[in-house]
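Heads up, the thing below is written out as structure tokens.
Note that the structure is predicted; figures quoted are calculated from it, not measured. All chains are named by letter (A, B, ...) in the order of the sequence lines, taking the proteins before the strands, and each is independently numbered beginning at 1.
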2 protein chains.
Amino acid sequence: MARAATTADVFNAVAESRRREILDLLAVGERPVQELVDALGVAQPQVSKHLRVLRDVGLVDVRDAGRRRLYRVNAPALKPVHDWVKSFERLWEQRFEQLDAVLDELKQEDRDAQQ
Amino acid sequence: MARAATTADVFNAVAESRRREILDLLAVGERPVQELVDALGVAQPQVSKHLRVLRDVGLVDVRDAGRRRLYRVNAPALKPVHDWVKSFERLWEQRFEQLDAVLDELKQEDRDAQQ
DNA sequence: ACATTACATACCGATATGGGAATGTGTCAA
DNA sequence: TTGACACATTCCCATATCGGTATGTAATGT
């Protein structure tokens, strides 16, 4: 065995920053490949390959329009990521509350010290 | 150039399913390495290496306890992922609303047909 | 028909990655 | 002190992945 296949799932597809950039651009609306190439400053084959990965995991859909191909985000495919991360939300809110408590305490001590 | 370094950021750290499993286990509470090894059924060195990656991106903290090392989640490190995904929330809710609308429409047609 | 445009795919090379096995390091127990 | 235990690190290997370049393919324009 060796490295596990990574482009096979949404988490890995999204792990690549270029692909996140692509999704960010498509979040605004449908776009042809060339626009993405221009916006990203990346060579066309690279963009097509990233789009291929995104398509394979269902993160984007395509539509033919003459000799261009219009890509768009399929947002619901991100739900697994959202749900997983959300399960930790409680934990970090807890953390921030604790931090707030500590800060309040420090302020209080500060006031006490000044009297 | 070649492949980009991937373990360097939170998105990639979390892209590996084993590491997500580790975080899930640690979400419950602090645990020594051996417990993770048992729970995951993975060899100890592999677990230690995954923990190393998680530590490097700040997703977990360690605490020495005798000859054991207790790991715990540092949830706030997940916020960048949460925030990014959340920016797409609006899009998929929109999608679901559209789906609901279509379903309602179909139901209506169904009722109409039965009359 | 031919050139051009818009994409996709194939191929190549460099490198990062994960698993396995072996080894190193520090701590506790007898 | 010696052995056992808990964990980290190192080395090796197979492979996936990314970028770059070249090529294939389909649609449009002349």
Rounded distance in Å - CD (A:Glu16) to P (D:dA16): 16 Å
Any residue meeting side chain to side chain contact (heavy atoms under 4.5 Å, CB included) with A:Glu30, in chain and number order, not counting sequence neighbours: A:Arg63, A:Leu70, A:Arg72
List the residues meeting salt bridge (Lys or Arg N to Asp or Glu O under 4.0 Å) with B:Arg69, not counting sequence neighbours, and say none if there are none. B:Asp64
Nearest-Å distance, CG (B:Leu51) to C1' (D:dT9)? 14 Å
Which parts of nucleotides 23-30 of chain D does protein reach within less than 4.0 Å, heavy atoms only, written one letter per nucleotide 5' to 3' as B for base, S for sugar-phosphate only and - for none? ----BBS-
B:Gln44 side chain to B:Ser48 side chain, donor-acceptor N/O pair below 3.5 angstrom: yes
Would you check if A:Asn74 and A:Val60 make a side-chain contact, meaning some heavy-atom pair closer than 4.5 Å? no
pair A:Arg68-A:Val33: side-chain heavy atoms closer than 4.5 Å: no
Please state whether the phosphate of D:dT17, meaning OP1 or OP2, lies under 4.0 angstrom from any side-chain nitrogen or oxygen of A:His50. no
Counting only side-chain N and O atoms of B:Arg69, is one of them less than 4.0 Å from OP1 or OP2 of C:dT27? no
Nearest-angstrom distance from the residue atom CZ of A:Arg18 to C1' of D:dG20: 13 Å
Partners meeting ring pair (Phe, Tyr, Trp, His ring centres under 6.0 Å) with A:Phe88 (sequence neighbours left out): A:Trp84
In whole angstrom, what separates B:Asn12's CG from C:dA16's P? 13 Å
Between D:dC11 atom P and B:Lys49 atom NZ, what is the distance in whole Å? 12 Å
Here's a test for you: under side-chain hydrogen bond (donor to acceptor under 3.5 Å, both in side chains), which of B:Glu16, B:Arg20, B:Arg19, B:Arg55 qualifies with B:His50? B:Arg19
Just say parallel, tilted or perpendicular for the rings of A:Trp92 and B:His82, cut-offs at 30° and 60°. perpendicular
Looking only at side-chain atoms of B:Tyr71, point me to the closest of D:dA8, C:dA8, D:dG19. D:dA8
Under a 4.0 Å heavy-atom cut-off, which of residues 28-42 of chain A touch DNA chain C? A:Pro32, A:Val33, A:Gln34
Could you tell me the separation between the CD atom of A:Gln46 and the C1' atom of D:dA22, rounded to a whole number of Å? 12 Å
Whole-Å distance separating the CD atom of B:Glu21 from the P atom of C:dG19: 10 Å
For A:Arg52, salt bridge (Lys or Arg N to Asp or Glu O under 4.0 Å) partners two or more places apart: A:Asp56
Side chain of A:Arg68 only, heavy atoms from C-beta on: which candidate in C:dA8, D:dT21, C:dA6 is closest? C:dA6
In whole angstrom, what separates A:Arg55's CZ from C:dT9's C1'? 12 Å
